[in-house]
Amino acid sequence: MSFSIIILAAGKGSRMNSKIPKVFHKVGNLPMIFHVLNVSASLKPKMISMVVSNELESHKKIIKDRYNNIKFAIQTKQLGTADAVKCALSEKSFKSSDISIILYGDTPLISHISLKKSLEKFKKINSDLCILSMTPPNTDHSYGRLITKKDCVEKIIEQSELKNNQQADNLCNTGIMLIKTKYLIEKLKKIKNENKKKEFFLTDIVEILNNEGYKVSHLEFPYYEFLGVNNKSDLALVENHFQKIVREKFLKQGVTLIDPNSVFFSSDTKIGKDVVIHPNVHFGVNVQIGDDVEIKSFCHLENTIIKNQASIGPFARLRDKTKIEKEVKVGNFVEIKKSNLKSNVKVSHLSYIGDADIGKNTNIGAGMITCNYDGFRKNKTFIGENCFIGSNTSLIAPIKISQNSIIGASTVIDKNIPKGTTVYRKSELIKKSNKK
Ligand code: UD1
Ligand code: MG
């Protein structure tokens, strides 16, 4: 049986109180919608259609660049989830899929495993519609409630339509459903907007199918995987749970996290074997760590590659296409930006290294600064292999210090240094007695 996926992402997201479209808010530094698109693509459906609003028009290119065979459907007025699905179905080729899976762009933690399992079950029990359900830990939420009889779902009541005596049952709608496409097309037309919000609720399709004798089932999943984001509190909760999932993944993979709860990862963080990460470390986007690396406390890393046996921190900031080769040591209060440090370089204390290439075995003394910005341009610094750069030196870029050179402490370097040269500035120490 063939299947296609519809992702609803056109909602106003007004409860987020933000000018950023809801589905572009990030979880693990990746927009929520990319999480949903990743899991959708991993299922290899016949087609993926994403329903977007006019406001998302400008974001379509970003999405297209990453996922080139997505079809877009525009929902010009946000009249509700049923209306959004109707927009997706205007794409004729959709009709050729036997099953439609409907996902919400604001539910980013759904896993490949759960969706695959649902699809298999849906085919096996020959259901006409299957709702993925969950039981939140309390009743203080805005999820729709499932009204069930034995294994069948009779209807879904939205929170806004709930009467007091219906509060007790807390089996809820995750928002995700699998439905035979022909019934989706047929029954969608019957949904009315006779509710307090005057919206066309997709969830009303449950009662319509049930009344007509079709088989409506549900499959319950753990609540946290299906958290929906409607406001910033939800976003914080989802982020929190995302971090738990990633920490668990790395722990299983053999990474040592001394205090897992204080380490924050991005969705694309990659870590090798026998890596030790101390408390309070933040991984921004695009960080790759090799094997046997130690990241000490209070480091902030983004857009950085760190090769085997390097030691970073505590209190180091690495960013913007920085590459750290093997056995490099980056110590405390060091910032490195857009630089390459070759193997066995040591920058142990209090340095700023920006737009620099540093050759292997070079030692950078405490407080060395690359003066890379002249107020107009960012200029490059080259330091060759086996150099010794003394403490408190300033290297005025563009500058080249060739291999095997020694720079004396407190020197300001504003000329290129040929290889094998020792340079220092001589200034006399003046001593004067304070006695009268
Ligand atoms: C919805 C469900 C609720 C479920 C919850 C799970 C309905 C009516 N209610 O409520 O039963 O428990 O999700 O998180 O479906 N959207 C559009 N166009 C619209 C309206 C919404 O594309 O006109 C999209 C939104 O971008 C979002 C999704 O549909 O991705 C769900 O909409 P939202 O307003 O968040 O519905 P909930 O109130 O969360
Ligand atoms: Mg929602």
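The analysis underlying the following values was restricted to heavy atoms, covering all of them including side chains, and did not include hydrogens, waters or symmetry mates. Ligands are counted one by one from 1 in listed order, and the atoms in each one are counted from 1 as well. Start at 1 with the first residue, then count along the sequence.
Taking each heavy atom of V216 and N210 in turn, the nearest pair found is CG2-N, 4.1 Å. The shortest non-hydrogen separation linking A9 to M50 is CB-CE, 4.0 Å. Closest approach of N170 to P136, counting heavy atoms only: ND2-O, 3.0 Å. Across every non-hydrogen atom of L202 and I191, the tightest pair is O-CD1, 4.0 Å. The shortest heavy-atom contact between V287 and N303 is CG2-N, 4.0 Å. Smallest separation of non-hydrogen atoms from Y373 and R377: CD1-O, 3.2 Å.
Looking only at protein heavy atoms, the nearest one to atom 1 (C) of ligand 1 is Y104 CE1, 3.6 Å. For atom 6 (C) of ligand 1, the nearest non-hydrogen atom of the protein is T174 O, 3.3 Å. At the top of the distance list for atom 17 (C) of ligand 1, counting protein heavy atoms only, stands G11 N, 3.3 Å. At the shortest separation from atom 18 (N) of ligand 1 among protein heavy atoms lies Q75 OE1, 2.7 Å. Protein heavy atom closest to atom 37 (P) of ligand 1, with residue, atom name and distance, is R15 NH2, 4.1 Å. Among protein heavy atoms, the minimum distance from atom 10 (O) of ligand 1 is reached at E158 OE1, 4.1 Å. Atom 30 (O) of ligand 1 has L8 O, 2.9 Å as its closest protein atom, hydrogens excluded (heavy atom only). Nearest protein heavy-atom contact of atom 4 (C) of ligand 1 is N173 O, 3.3 Å.
A heavy-atom separation below 4.0 Å is not found between D83 and ligand 1. Heavy-atom distances between E199 and ligand 1 stay at or above 4.0 Å for every pair. Note on ligand 1: G80 sits in its first shell, one or more heavy atoms being nearer than 4.0 Å. Judged by the shortest distance from any of its heavy atoms, M177 lies outside the 4.0 Å radius around the atoms of ligand 1. Close to ligand 1: D106, with a non-hydrogen atom less than 4.0 angstrom away. Using 4.0 Å as the threshold, S142 has no heavy atom nearer than that to any atom of ligand 1.
Within a 6.0 Å sphere centred on CG of N138, heavy atoms belonging to other residues, nucleotides or ligands number more than 12. Within 6.0 Å of NZ in K64 there are more than 12 heavy atoms belonging to other residues, nucleotides or ligands. Other residues, nucleotides and ligands contribute at most 12 non-hydrogen atoms within 6.0 Å of the NZ atom of K307.
Neither the backbone nor the side chain of V23 has a heavy atom within less than 4.0 Å of ligand 1. The backbone and the side chain of A10 each have at least one atom closer than 4.0 Å to an atom of ligand 1 (non-hydrogen atoms only). Residue contacts with ligand 1 for M50 are absent, since no atom lies close enough (heavy atoms, distance under 4.0 Å). Within the 4.0 Å heavy-atom criterion, neither part of Q159 lies near ligand 1. Under 4.0 Å from ligand 1, not a single heavy atom of K12 appears.
Between H35 and F242, the ring planes lie perpendicular to each other; the angle is over 60°, past the 30° to 60° tilted range. Relative ring orientation between F24 and F34 is described as perpendicular, the plane-to-plane angle rising above 60° on a 0-90° scale split at 30° and 60°. Note on ring orientation: taking the six-membered ring where Trp is involved, the planes of F226 and F221 are tilted (angle from 30° to 60°). Aromatic ring pairs are classed by plane angle as parallel below 30°, tilted from 30° to 60° and perpendicular above 60°; the pair F265 and F250 is tilted.
The N/O atoms of K22, backbone and side chain alike, include one that comes under 3.5 Å of an N/O atom in ligand 1. Inclusion of K197 in the set of residues having an N or O under 3.5 Å from an N or O of ligand 1 is not warranted. For ligand 1, none of its N or O atoms has an N or O atom of I156 under 3.5 Å away. Distances between N or O atoms of T107 and those of ligand 1 include no value under 3.5 Å. For ligand 1, the polar-atom distance check against Y143 finds no nitrogen or oxygen pair separated by under 3.5 Å. In terms of N/O distances under 3.5 Å, ligand 1 is not approached by G175.
Each of M134, Q159, E158 was evaluated against Y143; a single residue qualifies, M134, per the side-chain contact (heavy atoms from CB on, under 4.5 Å) test. In summary, of the residues considered (N340, L301, L341, V293), a side-chain contact (heavy atoms from CB on, under 4.5 Å) with I324 occurs for L341 alone.
Below 4.0 Å from some heavy atom of N230 lie the following atoms of ligand 1, by number and element: 35 (O), 39 (O). For ligand 1 and A84, the ligand atoms under 4.0 Å from any heavy atom of the residue are 17 (C), 18 (N), 22 (O). Per-residue contacts place G144 under 4.0 angstrom from the following atoms of ligand 1 (heavy atoms of the residue considered): 3 (C), 4 (C), 11 (O), 12 (O).
Between K22 and D106 there is a salt bridge, since a side-chain N of the basic residue sits under 4.0 Å from a carboxylate O of the acidic one.
Side-chain atoms of D169 never come within 3.5 Å of backbone atoms of I147 as a donor-acceptor pair (strictly under, hydrogens ignored). Side-chain atoms of T362 come within 3.5 Å of backbone N or O of G384 as a donor-acceptor pair.
Counting only distances under 2.8 Å, and ignoring water, the protein N, O or S atoms around the Mg ion (ligand 2) are D106 OD2, N230 OD1.
Of the inter-residue distances, the one linking L129 atom CG with Y183 atom OH reads 11.5 Å to the nearest 0.5 angstrom.
A cation-pi contact, defined as under 6.0 Å to the ring centre and within 45° of the axis, is absent between R317 and Y352.
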